[in-house]
Protein chains: 2
Amino acid sequence: MANIQEVAKKAGVSVATVSRVLNNHSSVSTRTRLRVESAIKELNYEPSMLGRNLRNSESRLLLVLIPSIANPFYTEIINGIQNTAISHQYNILLCETDSNPKRENIFFNMVKNKLADGIISMDPAVNKQKLTELADNHSIILCSEYDEEGSIPYVSIDSELAAYHAVKHLIQLGNKKIALINSDEKFLYARQRRQGYERALKEYSLPIREEWIYHTTQLDFQDGVHAMRMLLRLEEKPSAVFAVSDTLAIGALKEIKAIGLRVPHDIAVVGFDNIGFSNMTNPSLTTISQPMYKMGSTAATMLIHHIQNRKVESTILDHELIIRESTMG
Amino acid sequence: MANIQEVAKKAGVSVATVSRVLNNHSSVSTRTRLRVESAIKELNYEPSMLGRNLRNSESRLLLVLIPSIANPFYTEIINGIQNTAISHQYNILLCETDSNPKRENIFFNMVKNKLADGIISMDPAVNKQKLTELADNHSIILCSEYDEEGSIPYVSIDSELAAYHAVKHLIQLGNKKIALINSDEKFLYARQRRQGYERALKEYSLPIREEWIYHTTQLDFQDGVHAMRMLLRLEEKPSAVFAVSDTLAIGALKEIKAIGLRVPHDIAVVGFDNIGFSNMTNPSLTTISQPMYKMGSTAATMLIHHIQNRKVESTILDHELIIRESTMG
DNA sequence: TTGAAAGCGCTAACAT
DNA sequence: ATGTTAGCGCTTTCAA
């Protein structure tokens, strides 16, 4: 790869002039500009981002941290981030952390080292302390999962209210024995969704029974299958299930079928996220729809504003209950 | 962020010595090393990748190009890439191209500019010419989709044979009217899978009917739904369907159910990829399993070898037919 | 064992 | 309108 020196030499100008042409400075004469441009073409020259970044302390690269690309929930969010970033001449790089602190650290370093200009974190298991430290001097936005007391700006939904709506829907259909398939309550969203679940039950004077609350370690289909299997082994079986993720709900659906029960006739199921697949299951899945695209584009806008030292405010977006066959057969 | 100068000053040594400590040179005395190390700790110093890369022409970053993260097919491949990369002290960055040449170009530039050390491309729509040019001076590996005549090393499966196996399975179950839901035949894998489909039909003297071959533009569930709808409107309906992607097959399943037919009783369905979902559908999906993890880890190993100027050879891995309820109810 | 200094590719302040 | 040059943070050669 040719460098700026060679271009300058070939065009018979200084490197400064080449740089000016590269950056569209108005002070270059047309004649010179043309000469430089043709030299660039001839040498097939492309400026080095490395040199440029080192000089400018800017990379126009944004990092997006996700725990795992296996969860389709992130797909549409990333779409929103990507389109917004591109419209502002930024590019995004997806970083799968597997919720592994070591791996996270590498991406944090990329920002510290000016290899990227900012981070949108969607990893609920992210090391909050390290992230907060980093946020002191760098641009960080949390998306979906956030920290209530923390100082880092976020965009999310009202998980408590959404869960309340989901469970209320089940109650209004006549269900009195409603189970919860939750994930680990070390995550804020899990705690909030449980609160919403409990609020709805209390409001209708239904008992909260610990045995009807199952915690999974992950969000894979298999975790849903297993959770449902456990719930169905109880002496007093629930007549409805609210799962905090569509992937879990789909696993639950599978297991209910597997032992010969019918959805929603025997057991009604509500999920959370409205992933694409939730409409492909049989029966199709009632679920809470998060405004994923909007969440992504909002997060990206916030991050870019933050990089530009503009003020950003945390945002809570609206959710929606999507009623399908798994509750209204 | 402190830089190497400040560390040198604080430790009372030269920047060269700090650099030596950073890079574990043996020529530093223990006394000095300790002094430098404590200065590093005190200042919370971390070396700048930018400066280092500029000097070393190495980033230890690998780019993975995928058309869209929405297709779960890539999930397990990426897992394989990631684990292998990490075990060699490389990190990967996922780049979603949306099969958009402009976006691709940005990632190509990252490699040209030494911001990344190599690329694994899984985008079937990638600009082959540009990629081949880039491969002249840089490390590129193709994964899954490849170029038969091209010079770029690849890892893939034998799509023609896999499709042949899938269709043969349907024939052996007694099906005589077998439809194909294919994607755009500008992609090599689509052409190969069609060839396998035709070979199986010919072998059993079954007619190849153009109206039973449907081409989709994308690989979303909805494309499968639509394809199936079209096939079911034919006067002479197929009794079995082979879809070249599980996402398409799952959409087809949905549509077959929607008009009240049963799988596999009325119509049998075979997919391709063995994505996680394929075991969660009702009925579960018979499909061709690609060794996705292995494919990913092989691609990563090949890329790293290429970066190290070792010889790499293209590889074809084995597939497997996974028989489930959608053909053996 | 350590230090001084050049240089990776670029931009911008200053000079002309 | 254009050129000269310092310097971004680091590694490595050469010298001591």
Side-chain angles (χ1 to χ4, degrees), chain A residues 1-40 43-61 109-117 137-138, chain B residues 1-40 43-61 109-117 137-138:
Chain A
M1 273 290 290
N3 62 16
I4 201 172
Q5 315 270 1
E6 301 173 45
V7 176
K9 197 178 211 171
K10 175 144 235 152
V13 297
S14 74
V15 292
T17 301
V18 178
S19 176
R20 288 188 189 102
V21 171
L22 254 23
N23 295 284
N24 281 316
H25 281 243
S26 52
S27 66
V28 185
S29 75
T30 313
R31 220 178 92 74
T32 311
R33 155 163 281 118
L34 257 35
R35 270 228 308 287
V36 172
E37 277 166 355
S38 85
I40 288 176
L43 293 173
N44 211 353
Y45 165 77
E46 308 210 36
S48 154
M49 300 169 108
L50 227 42
R52 191 172 266 180
N53 294 356
L54 189 59
R55 203 32 238 234
N56 291 351
S57 297
E58 182 194 66
S59 65
R60 300 205 80 84
L61 250 28
N109 278 338
M110 286 185 64
V111 174
K112 280 193 199 162
N113 294 330
K114 293 288 174 194
L115 261 176
D117 294 347
N137 304 303
H138 300 276
Chain B
M1 272 291 288
N3 63 15
I4 201 171
Q5 313 272 1
E6 302 173 45
V7 175
K9 197 177 212 172
K10 176 143 235 150
V13 299
S14 73
V15 293
T17 301
V18 178
S19 176
R20 288 188 189 104
V21 172
L22 255 23
N23 295 285
N24 282 318
H25 281 241
S26 52
S27 67
V28 186
S29 74
T30 313
R31 220 177 91 74
T32 312
R33 155 164 281 120
L34 258 33
R35 271 227 308 287
V36 171
E37 276 166 355
S38 86
I40 289 176
L43 293 173
N44 212 352
Y45 165 78
E46 307 208 39
S48 155
M49 300 168 108
L50 226 42
R52 190 173 268 177
N53 293 356
L54 188 59
R55 225 358 259 238
N56 292 352
S57 296
E58 181 192 67
S59 65
R60 299 205 80 82
L61 251 27
N109 277 339
M110 285 185 64
V111 174
K112 280 193 198 161
N113 294 329
K114 293 289 175 191
L115 261 176
D117 294 347
N137 303 304
H138 300 276

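Bear in mind that the values here come from a model prediction, so they are computed numbers and not experimental data. A, B, ... follow the sequence lines: proteins, then strands. Residue 1 opens every chain. As a basis for the values below, the full set of heavy atoms in this structure was taken, side chains included, without hydrogen atoms, waters or symmetry mates.
The base of dG9(C) has none of its N or O atoms less than 3.5 Å from a complementary donor or acceptor on the side chain of Arg55(B).
Under 3.5 Å, the side chains of Ser48(A) and Asn113(B) contain no donor-acceptor pair of N or O atoms.
Here the nucleotide nearest the side chain of Ser14(A), chosen from dG3(D), dA4(C), dT11(C), is dG3(D). Distance from the side chain of Tyr45(A) is smallest to dC10(C) among dT2(C), dG3(D), dC10(C).
Leu34(A) places its CG atom 15 Å from the C1' atom of dA1(D), with the value rounded to the nearest Å. The distance from atom CG of Asn56(B) to atom C1' of dT11(D) is 6 Å, rounded to the nearest whole Å. Protein atom CG of Asn113(B) is 8 Å distant from nucleotide atom P of dC10(C), rounded to whole Å.
Within 4.0 Å of Val18(B), counting heavy atoms only, lies no atom of the nucleic acid at all. Here Ser27(B) lies in heavy-atom contact (under 4.0 Å) with a base. Among the protein residues, Ser19(B) comes within range of the nucleic acid bases, having at least one heavy atom under 4.0 Å from a base atom.
The residue among Val15(A) and Leu22(B) whose nearest nucleotide of DNA chain D is located toward the 5' end is Val15(A). Residue Gly12(B) is the one, among Gly12(B) and Leu54(A), whose nearest nucleotide of DNA chain C lies closer to the 5' end (criterion: closest heavy atom). Checking Thr30(B) against Arg20(A), the closest nucleotide of DNA chain C that is more toward the 5' end is the one next to Thr30(B).
Summarising the geometry of Leu54(B) relative to Leu54(A), their closest heavy-atom pair is CD2-CD2, 2.9 Å, with the distance given to 0.1 Å. The two atoms that bring Asn53(A) and Glu58(A) nearest to each other are OD1-O, 2.7 Å, heavy atoms only.
OP1 or OP2 of dT11(D) has at least one side-chain nitrogen or oxygen of Asn23(B) nearer than 4.0 Å.
Using a cut-off of 4.0 Å between Lys/Arg side-chain N and Asp/Glu carboxylate O, Glu6(B) and Lys10(B) are scored as not salt-bridged.
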